[in-house]
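If you're wondering where the values come from, they're calculated on a predicted model, not measured in any experiment.
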Amino acid sequence: MPHDTLQIVVPYKYLYLFTEPRQVSVTYEGEDTEARSHVYPITSISRRLLSIGSDNYFIAKVSIASDNCHIQIGQKAEGVITFSEKTLWQQVF
(Lines give C-alpha, C1' and ligand atoms only; values in the text may rest on other atoms or scores of the structure.)
Protein backbone atom coordinates (compact mmCIF):
# COMPACT_ATOMS: atom_id res chain seq x y z
CA MET A 1 0.00 0.00 0.00
CA PRO A 2 1.31 3.50 -0.77
CA HIS A 3 2.49 5.63 2.13
CA ASP A 4 -0.14 8.23 1.25
CA THR A 5 -3.16 6.12 2.24
CA LEU A 6 -4.72 5.49 5.65
CA GLN A 7 -6.85 2.43 6.30
CA ILE A 8 -9.55 2.98 8.89
CA VAL A 9 -11.18 -0.02 10.57
CA VAL A 10 -14.89 0.73 11.10
CA PRO A 11 -17.44 -1.51 12.88
CA TYR A 12 -19.45 -3.30 10.18
CA LYS A 13 -22.77 -2.33 11.79
CA TYR A 14 -22.14 1.24 10.53
CA LEU A 15 -21.67 0.31 6.87
CA TYR A 16 -25.15 1.65 5.99
CA LEU A 17 -24.02 5.17 7.01
CA PHE A 18 -21.52 5.31 4.15
CA THR A 19 -23.99 5.74 1.30
CA GLU A 20 -22.88 9.36 0.83
CA PRO A 21 -19.43 11.01 0.94
CA ARG A 22 -17.90 11.26 4.41
CA GLN A 23 -14.92 12.95 6.00
CA VAL A 24 -12.69 11.82 8.83
CA SER A 25 -10.88 13.98 11.35
CA VAL A 26 -7.51 12.36 12.17
CA THR A 27 -4.99 12.84 14.96
CA TYR A 28 -1.69 11.00 14.59
CA GLU A 29 0.28 9.23 17.29
CA GLY A 30 2.87 11.64 18.65
CA GLU A 31 0.82 14.76 17.97
CA ASP A 32 -0.60 17.00 20.67
CA THR A 33 -4.21 15.91 21.18
CA GLU A 34 -5.18 19.57 21.59
CA ALA A 35 -3.69 20.45 18.19
CA ARG A 36 -5.91 20.92 15.15
CA SER A 37 -6.69 17.55 13.57
CA HIS A 38 -6.25 16.67 9.92
CA VAL A 39 -9.48 16.38 7.91
CA TYR A 40 -9.62 14.09 4.87
CA PRO A 41 -12.39 12.81 2.60
CA ILE A 42 -12.96 9.06 2.64
CA THR A 43 -12.01 7.95 -0.86
CA SER A 44 -13.32 4.38 -0.81
CA ILE A 45 -14.74 1.64 1.38
CA SER A 46 -14.44 -2.11 1.19
CA ARG A 47 -17.61 -4.07 1.93
CA ARG A 48 -15.49 -7.15 2.63
CA LEU A 49 -16.11 -8.42 6.14
CA LEU A 50 -13.04 -8.25 8.38
CA SER A 51 -13.39 -10.29 11.59
CA ILE A 52 -11.23 -9.34 14.57
CA GLY A 53 -11.98 -11.50 17.58
CA SER A 54 -15.76 -11.69 17.87
CA ASP A 55 -16.34 -8.33 16.15
CA ASN A 56 -16.83 -7.51 12.44
CA TYR A 57 -15.40 -4.50 10.61
CA PHE A 58 -14.90 -3.02 7.16
CA ILE A 59 -12.09 -0.83 5.82
CA ALA A 60 -12.48 2.82 4.80
CA LYS A 61 -9.55 4.33 2.88
CA VAL A 62 -8.37 7.92 3.06
CA SER A 63 -5.82 9.65 0.82
CA ILE A 64 -3.38 11.85 2.74
CA ALA A 65 -1.18 12.62 -0.28
CA SER A 66 -1.93 16.36 -0.20
CA ASP A 67 -1.06 16.69 3.50
CA ASN A 68 2.42 17.85 4.48
CA CYS A 69 2.53 15.86 7.73
CA HIS A 70 5.33 13.35 8.21
CA ILE A 71 3.68 9.97 8.67
CA GLN A 72 5.63 6.75 9.08
CA ILE A 73 4.62 3.20 8.24
CA GLY A 74 3.07 1.63 11.33
CA GLN A 75 2.34 4.96 13.02
CA LYS A 76 -1.07 4.85 14.69
CA ALA A 77 -3.85 7.35 14.19
CA GLU A 78 -7.23 8.03 15.75
CA GLY A 79 -10.10 9.07 13.51
CA VAL A 80 -13.53 10.55 14.15
CA ILE A 81 -16.25 10.42 11.51
CA THR A 82 -19.18 12.79 12.07
CA PHE A 83 -22.48 11.73 10.54
CA SER A 84 -24.60 14.65 11.67
CA GLU A 85 -24.06 18.02 13.26
CA LYS A 86 -27.31 17.56 15.19
CA THR A 87 -27.48 15.93 18.58
CA LEU A 88 -29.69 12.89 19.05
CA TRP A 89 -32.18 15.10 20.91
CA GLN A 90 -32.37 17.53 17.94
CA GLN A 91 -32.94 14.65 15.51
CA VAL A 92 -35.86 13.29 17.54
CA PHE A 93 -37.66 16.64 17.74
Side-chain angles (χ1 to χ4, degrees):
M1 172 179 303
H3 303 306
D4 59 354
T5 302
L6 287 179
Q7 288 191 34
I8 302 168
V9 179
V10 182
Y12 207 83
K13 65 183 177 182
Y14 299 121
L15 181 65
Y16 74 96
L17 295 170
F18 287 80
T19 57
E20 57 188 65
R22 300 285 180 198
Q23 291 188 329
V24 61
S25 179
V26 176
T27 303
Y28 295 103
E29 179 180 25
E31 288 187 327
D32 181 4
T33 57
E34 299 298 319
R36 193 188 83 194
S37 59
H38 307 263
V39 178
Y40 309 109
I42 293 176
T43 55
S44 66
I45 62 168
S46 170
R47 295 182 182 278
R48 186 175 65 88
L49 187 69
L50 174 64
S51 293
I52 302 174
S54 62
D55 297 319
N56 294 323
Y57 300 91
F58 68 94
I59 300 291
K61 293 185 180 180
V62 176
S63 174
I64 60 169
S66 62
D67 202 338
N68 292 328
C69 58
H70 301 285
I71 305 305
Q72 300 179 50
I73 294 175
Q75 186 175 6
K76 295 179 182 175
E78 182 175 304
V80 175
I81 301 168
T82 303
F83 294 99
S84 175
E85 295 298 325
K86 294 181 180 180
T87 65
L88 181 58
W89 184 257
Q90 291 171 323
Q91 291 182 34
V92 171
F93 295 100

K.L.:
Nearest 0.5 Å please: distance from the CD1 atom of Ile81 over to the CZ atom of Phe18.
P.N.:
4.0 Å
K.L.:
Grab the two heavy atoms, one from Ile42 and one from Ala60, that are nearest each other, plus how far apart they are.
P.N.:
CG2-CB, 4.0 Å
K.L.:
Would you check, one step at a time, whether the test side-chain contact (heavy atoms from CB on, under 4.5 Å) holds for Ile45 with Leu15?
P.N.:
CA-CA 9 Å; Ile45 62 168; Leu15 181 65; 3.7 Å; yes
K.L.:
Locate the shortest heavy-atom distance separating Tyr28 from Ala77; write the atom from each residue and the value.
P.N.:
CD2-CB, 3.8 Å
K.L.:
Measure the CZ-OH distance between Arg48 and Tyr12 for me, rounded to the nearest 0.5 Å.
P.N.:
10.5 Å
K.L.:
Through direct or indirect side-chain contacts below 4.5 angstrom among Ile, Leu, Val, Met, Phe, Trp and Tyr, which residues connect to Leu50?
P.N.:
Val9, Ile52, Tyr57, Ile59
K.L.:
Is a side-chain donor or acceptor of Ser37 paired with a backbone partner of Thr27 at a separation under 3.5 angstrom?
P.N.:
no
K.L.:
When you look at Ser51 and Asn56, which way does the side-chain contact (heavy atoms from CB on, under 4.5 Å) test go after all the steps?
P.N.:
CA-CA 5 Å; Ser51 293; Asn56 294 323; 2.8 Å; yes
K.L.:
Considering only residues two or more places apart or on different chains, which pairs with a residue in residues 10-21 satisfy salt bridge (Lys or Arg N to Asp or Glu O under 4.0 Å)?
P.N.:
Glu20-Arg22
K.L.:
Would you say Ile8 and Val80 are hydrophobically clustered, going by side-chain heavy atoms of ILVMFWY under 4.5 Å?
P.N.:
no
K.L.:
Check the pair Val26, Val62 against side-chain contact (heavy atoms from CB on, under 4.5 Å), reporting the backbone distance first and the verdict last.
P.N.:
CA-CA 10 Å; Val26 176; Val62 176; 5.7 Å; no
K.L.:
Starting at CD of Glu31, measure out to CD of Glu78 and round the result to the nearest 0.5 Å.
P.N.:
11.5 Å
